[in-house]
Amino acid sequence: MSMSESSTPSELTERICALESQAEAYQRTIHDLRTRDALKTQFLSNISHDLRTPLAAIITHAEILREGMLGELNKRQLDSLGGIVSGGQQLLDMIDEILTYVRAANDQIALTICDFEIADVIDQVRQLNEPLAAKKHITVARTNGDDIDPIDGDRDKIKHVLSNLIGNAIKFTPQGGRVWVSATRHEREVLVEVGDTGSGIAPENHELIFREFAQVDATPSRPHHGTGLGLAIARRLIELHSGRIWVQSELGSGSRFYFTIPTTQQAK
């Protein structure tokens, strides 16, 4: 005999009322969570805008002083100003990353479709990262991609993704290591790989690193700092292209990040 068959009408009514009450409580919880998430996103947007303007002014004035436009400075003064500019630019990049995340969270990012050669974008990002790589004596090579025909996509968004992946590869690769980028065409999509000889990522953290604000090492003493948004933004930008992004890695064996881009896009 089932529970419903052994229950009286009044008991069934009480159970239905209890279930309805639970459902209402769940709905209120969901509403509260959505409200808090919206407030968090709005807070991030507001605070990032408020921080960006004075920080940009600090960098500009430091650069004016460093260029000697207000008088000649000695080496120690120039070195100090260099530290201000470098640190300020690092903070500004983090703020811009937060603003990009906010736009993505609010579905405010649209693709500007054009024809471009993926090899050219890779080379441009490599050149931008050469100073950072040179400091650690790391080679960054593009292994192929010259034979790929122009593809449709948002050049700047793909450049953003590559900048994040190549920058991370250099950051987490020790002195004298190696970073490589390859691009191959497979039927109707292009597969891009960014690999390194760095410390690697444990398999249980492969999904974690693509989550917002996630840090594999979240301790205050961790050697590498950031917003924890870079890969989450990269995933969103690739998904806007109807592509995929993932990682293959093990601790001590380096990492290989992959993403795909369909060769033709529809404006979104």
Side-chain angles (χ1 to χ4, degrees), residues 48 52 55 59 82-83 85-101 103-104 109 116 118-143 145 153-183 191-201 205-206 208-218 222-238 241 243 245-249 254-259 261:
S48 297
R52 196 183 194 289
L55 183 56
I59 295 172
V85 172
S86 177
Q89 189 59 56
Q90 184 178 2
L91 288 174
L92 195 60
D93 290 343
M94 293 170 68
I95 290 172
D96 287 340
E97 198 166 65
I98 292 173
L99 289 171
T100 301
Y101 163 75
R103 289 194 294 269
I109 294 182
F116 67 91
I118 189 66
D120 288 346
V121 177
I122 293 172
D123 287 342
Q124 185 178 6
V125 176
R126 283 175 55 238
Q127 291 170 5
L128 290 173
N129 281 277
E130 277 182 357
L132 177 61
K135 287 182 180 179
K136 299 179 69 175
H137 304 287
I138 292 172
T139 59
V140 183
R142 175 170 63 84
T143 59
D154 189 317
R155 180 188 178 99
D156 289 339
K157 303 294 189 302
I158 298 303
K159 180 181 175 183
H160 184 105
V161 173
L162 281 166
S163 295
N164 177 267
L165 296 180
I166 294 175
N168 281 348
I170 295 171
K171 182 191 301 184
F172 291 101
T173 297
Q175 292 275 344
R178 187 168 58 91
V179 173
W180 66 91
V181 189
S182 70
L191 173 67
V192 178
E193 173 192 348
V194 178
D196 63 64
T197 58
S199 55
I201 304 165
N205 291 323
H206 287 186
L208 171 67
I209 59 174
F210 288 101
R211 297 176 187 169
E212 293 88 347
F213 304 106
Q215 298 278 0
V216 173
D217 181 1
R222 65 184 184 273
H224 305 292
H225 295 268
T227 62
L229 290 172
L231 289 174
I233 293 171
R235 170 179 276 183
R236 177 60 178 155
L237 296 180
I238 293 300
H241 283 82
I245 184 169
W246 68 96
V247 62
Q248 292 180 355
S249 180
S255 302
R256 295 188 178 195
F257 284 83
Y258 299 90
F259 67 86
I261 320 168

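Atom set for the values below is all heavy atoms of this structure, side chains included, hydrogens, waters and symmetry mates excluded.
- To the nearest 0.5 Å, atoms CD1 (Ile209) and CD1 (Ile201) are separated by 4.0 Å.
- Residues Leu231 and Phe210 share a closest heavy-atom pair of O-CD2, 3.7 Å.
- Residues Asn168 and Lys171 meet the side-chain proximity criterion, which asks for heavy atoms closer than 4.5 Å.
- Nearest heavy-atom pair across His137 and Gln175 is CD2-OE1, 3.4 Å.
- Annotation: the span from Ile238 atom CD1 to Phe259 atom CZ amounts to 4.5 Å, rounded to 0.5 Å.
- Partners of Arg52 according to the salt bridge (charged side-chain N to carboxylate O under 4.0 Å, His left out) rule, which considers only residues two or more places apart in sequence or in another chain, are Asp96.
- For the ring pair (Phe, Tyr, Trp, His ring centres under 6.0 Å) test, residues two or more places apart in sequence or in another chain that qualify with Tyr258 are Trp246.
- The two residues Leu55 and Gly88 make their nearest non-hydrogen contact at CD2-O, 3.7 Å.
- The closest side-chain heavy-atom distance from Asn129 to Val140 is not below 4.5 Å.
- The side-chain hydrogen bond (donor to acceptor under 3.5 Å, both in side chains) search around Thr100 returns Arg103, not counting sequence neighbours.
- You'll find the side chain of Asp154 reaches within 4.5 Å of the side chain of His241, heavy atoms only.
- For the residue pair Thr197 and Pro174, the shortest heavy atom distance occurs at O-CD, 3.9 Å.
- Applying the side-chain hydrogen bond (donor to acceptor under 3.5 Å, both in side chains) criterion to Lys159, with sequence neighbours excluded, gives no partner residue.
- Distance check, rounded to the nearest 0.5 Å: OG1 of Thr139 to CD of Glu130 gives 11.0 Å.
- Closest heavy-atom contact between Glu193 and Arg256: OE2-CD, 3.2 Å.
- For the 3.5 Å distance criterion, the side chains of Gln124 and Asp120 fail to qualify, holding no donor opposite an acceptor.
- Summarising the geometry of Ile245 relative to Arg235, their closest heavy-atom pair is CG2-CA, 3.7 Å, with the distance given to 0.1 Å.
- Residues passing the side-chain contact (heavy atoms from CB on, under 4.5 Å) test with Arg142 are Ala119, Ile122, Asp123, Arg126, Asp146, sequence neighbours excluded.
- For the pair Asn164 and Ile233, the minimum side-chain heavy-atom distance is 4.5 Å or more.
- Between Ile158 and Phe116 the shortest side-chain heavy-atom distance falls below 4.5 Å.
- Residues passing the side-chain hydrogen bond (donor to acceptor under 3.5 Å, both in side chains) test with Thr173, sequence neighbours excluded: none.
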